[in-house]
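Below: one structure, written as structure tokens.
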Amino acid sequence: MIRRHPVEILLWIALATLPLWLGPLGGYTALGTKILIYGIAALALNLVLGFTGGLSFGHAAYFGLGAYGAGMTLKYLVPSTPLAIVVGTLAGGLAATLLGPLVMRRRGIYFAMITIAIGQLFYFIAVRWNNVTGGEDGLAGFRRQPLHFGSFVFDVQNEIKYYYLVLFCFVIAVVIMRVLLASPLGHTWVAIRENRRRALFLGLRTDLYVWAAFAISGTITALAGTLNAMLFNFTSPQDLHWILSGNFVIMIVMGGMRKFWGPLVGVTIFVVAQDYLSSLTDNWMSLIGLLFVLIVLLFPKGILGLIAPRRREVSTPRAPGIQQADAVLEEDGSPLRDSTKSLREATK
Amino acid sequence: MQLLLFNAFNGLIQGVFYALMALGLALILSLNSVINMAHGGFLVIGAYLAYTLAPYLGFWGALVVGPIGAAVIGLFVERILIRPLYKRPDPLYTLLLTFGLALIIEDLTRTIWGAQGLPFQVPAALNSPISSVLFFITGYRLLVVGITMAVMLGLYFLLRYSRLGIRIRAGTLDLETVSALGVNIYLLRALNFGLGCLLAGLAGVLAAGILGLTPPMGSSLIMPSFVAIIVGGVGSLVGSILGGLLIGVAAGITTTYYPAASEAVIYLIMLIVLVIRPRGLLGQEGLFE
């Protein structure tokens with residue numbers, strides 16, 4: 001099994017006890033819940049962005065589809081929290097799966113442009129399909145419902161209990177993503193990111209792997225969306241807007257897109273900063289924009305990228321080809337060593 | 001029938017704005033390799049500059065100075081913020097940077113001029129309809145179409161025959177070789193970026209006369225412009241224009257029959273084009289694939 005870094009164990013302890021210490025620090029439980037929800041979305045987006053190298057700028061679409069899926073299930077179908085989560089997640093996941101083939105062969109700029117534009121389709125449906133989605137005002141009039149386990153009732157309408165439901169989903173999402181990244185599938189994603197053409201020449205159907213990354217990432221993002229809708233018992237077209245997509249991307253870049261936990265660091269800072277700034281000044285949008293500019297110019301590798309890389313990376317699986325090259329070079333001290341070293345740095 | 005014509009013409013006017021925006025975006029995309037998310041911001045700058053200066057310069061003066069102001073600010077932005085990023089090949093960073101700029105510009109516009117919509121006065125002579133049957137064709141709308149056509153023709157000749165234009169076109173194909181031939185590619189990219197912002201500013205002033213001025217006008221026009229580029233084909237300027245006009249008219253016609261779908265239809269057209277012809281109507285095969 002993969003060894004866990006001590007900091008990661010601390011992280012889990014902190015998350016498990018969050019409702020105890022966030023209040024005294026000046027926060028509130030819903031803020032922690034929001035960080036976890038956005039954390040799920042950002043970690044999922046990073047499967048495409050950081051690990052597969054696909055510049056997806058439209059993930060708010062799947063987040064929002066999950067949110068609307070959950071909200072509409074609760075409002076129109078059945079008042080059941082688990083069912084709302086399942087329906088919303090499937091709705092977003094289905095959309096990502098169906099739209100994936102449109103982008104899976106694209107790269108770089110074109111990938112970004114198409115994902116941005118596709119996302120807007122759902123935004124306008126949500127705005128214009130007034131009588132079902134609530135239009136610009138958003139979808140209200142639903143409440144998350146208590147969970148029933150036989151005779152035992154877990155009333156998630158309580159904020160703290162809802163936090164633990166979200167934490168439970170967070171753990172599941174993290175485990176799934178960890179397992180995937182450690183599997184051959186995850187290694188192939190990294191290989192595609194590092195050198196798509198080479199992966200293609202090795203006989204890999206790179207487009208199918210990108211599709212898989214996009215579909216899985218969209219599904220998990222939709223899960224985050226369902227939780228977000230039930231946190232506020234409300235969802236609005238803003239949850240589908242490209243500005244949210246951009247915010248997800250900057251959170252990831254701010255935290256460090258080459259590290260598994262990078263996105264969560266970025267999300268924490270972003271959500272806390274947004275919460276604080278929007279109560280402080282009306283011009284918080286400018287400050288967020290300034291944050292974008294400063295991060296891009298000064299900290300392109302993100303906060304976790306500033307920490308010196310350790311020798312054994314567990315968070316970033318290395319492409320199998322490079323591992324083999326490492327093994328060969330470890331044996332003979334060929335002059336290629338330097339270039340491989342720089343390649344190795346690049347993959348960290 | 002008259003209603004259909006009315007909506008189709010309205011759509012055409014919208015399409016003209018999309019086409020102007022898409023043209024500037026496509027220029028910047030192909031030579032600077034930047035997805036300029038702040039393009040809507042430059043449109044807003046052009047529009048509000050024209051609005052502010054119109055009392056002093058008159059409508060025609062503002063029509064000239066607004067776009068030039070947007071271009072000058074664009075040149076500054078390119079020099080200070082975007083140039084340091086050319087050496088990073090990943091388009092992610094310029095995308096995020098211009099995204100941040102878009103937020104800043106929209107927010108500052110709201111702070112300076114207010115969140116309320118402002119009317120942009122066009123000369124009264126231009127506001128009267130040409131005929132009573134075709135009541136929707138005002139002089140101003142004809143002017144919008146006329147100016148846009150003139151600008152596009154001018155751009156065509158610039159790119160086709162002038163030294164700068166030839167260098168820009170060569171640069172989109174192989175920037176390294178152009179640089180090796182002794183062309184200052186930094187200057188070339190800066191001028192190209194300025195040119196794109198000029199077009200955005202022009203679209204802003206022209207749109208202000210019809211739609212009025214609001215701080216989010218830029219962000220509502222930029223997405224259809226992306227669609228215009230994708231539909232027309234990345235790498236083809238003519239395609240961008242065509243794509244812009246096509247989705248504009250399509251949205252206009254949809255308004256006649258099913259107004260609620262007028263925006264969604266733009267994105268549906270894009271999906272259909274992507275399925276049937278992934279490179280876009282006039283795009284080059286294999287580009288960015």
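Computed over heavy atoms, backbone and side chain alike; hydrogens, waters and symmetry mates excluded. In this text, all values refer to a predicted model and were calculated from it rather than measured experimentally. The sequence lines fix the lettering, A, B, ..., with proteins before strands; numbering per chain opens at 1.
Only the side chain of B:Ile222 has a heavy atom closer than 4.5 Å to any heavy atom of chain A.
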- [ ] Mind running side-chain contact (heavy atoms from CB on, under 4.5 Å) on A:Met285 and B:Leu108 for me, showing each step along the way?
- [x] CA-CA 9 Å; A:Met285 224 169 110; B:Leu108 288 185; over 6 Å; no
Open item on the list: The test is side-chain contact (heavy atoms from CB on, under 4.5 Å); show your working for B:Leu97 and A:Phe292 and say whether it passes.
Closed with: CA-CA 6 Å; B:Leu97 183 108; A:Phe292 273 63; over 6 Å; no
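Heavy-atom pairs under 4.5 Å with chain B peak, among A:Ile288, A:Asp282, A:Leu294, A:Val253, at A:Val253. Among B:Leu101, B:Leu95, B:Val34, the residue with the largest count of heavy-atom pairs under 4.5 Å with chain A is B:Leu95. Ranked by heavy-atom pairs under 4.5 Å with chain A, the first of B:Ile35, B:Val227, B:Leu268 is B:Ile35. When A:Leu49, A:Ile295, A:Val293, A:Leu291 are compared by the number of non-hydrogen pairs under 4.5 Å with chain B, A:Val293 comes out ahead. For the set A:Leu99, A:Ile125, A:Ile114, the count of heavy-atom pairs under 4.5 angstrom toward chain B peaks at A:Ile114. The greatest number of non-hydrogen atom pairs below 4.5 Å with chain A, out of B:Leu81, B:Thr111, B:Leu103, is found for B:Leu103.
Of all heavy-atom pairs spanning B:Met223 and A:Ile116, the tightest one is CE-CG2, 3.1 Å. Shown here for A:Ala117 and B:Ile230, the closest heavy-atom pair between the two residues is CB-CD1, 4.0 Å. B:Asp107 approaches A:Trp284 most closely through the heavy-atom pair OD2-N, 4.5 Å.
A:Ile109 places a side-chain heavy atom less than 4.5 Å from the side chain of B:Ser33. In this structure, A:Trp242 and B:Ser219 have side chains that are in contact, with non-hydrogen atoms separated by less than 4.5 Å. Between A:Gln120 and B:Glu263, the closest side-chain pair of non-hydrogen atoms is not below 4.5 Å. Within the 4.5 Å cutoff, no side-chain heavy atoms of A:Arg105 are placed close to those of B:Pro278. With contacts defined as side-chain heavy-atom distances shorter than 4.5 Å, the pair A:Ile118/B:Met270 qualifies.
We find the CG-CD1 distance between A:Leu287 and B:Ile104 to be 8.5 Å, quoted to the nearest 0.5 Å. Going from atom CG of B:Leu274 over to atom CG of A:Leu102 covers 5.5 Å, rounded to the nearest 0.5 Å. Within the model, atoms CE of A:Met113 and CG of B:Leu25 stand 7.5 Å from one another, a figure rounded to the nearest 0.5 Å. Atoms CG and CG, on A:Leu297 and B:Leu85 in that order, are 5.5 Å from each other to the nearest 0.5 Å. If you take CD1 on A:Ile250 and CG on B:Leu92, they are separated by 8.0 Å, rounding to the nearest 0.5 Å. The structure places CE of A:Met257 at 6.0 Å from CG of B:Asp90, a figure rounded to the nearest 0.5 Å.
Aromatic rings of B:Phe99 and A:Phe57 (six-membered ring for Trp) have centroids within the 6.0 Å cut-off, being under it.
Crowding of A:Arg205 atom CZ: a count of heavy atoms from other residues, nucleotides or ligands under 6.0 Å not exceeding 12. Shown here is B:Trp113, whose CH2 atom has more than 12 heavy atoms of other residues, nucleotides or ligands within 6.0 Å.
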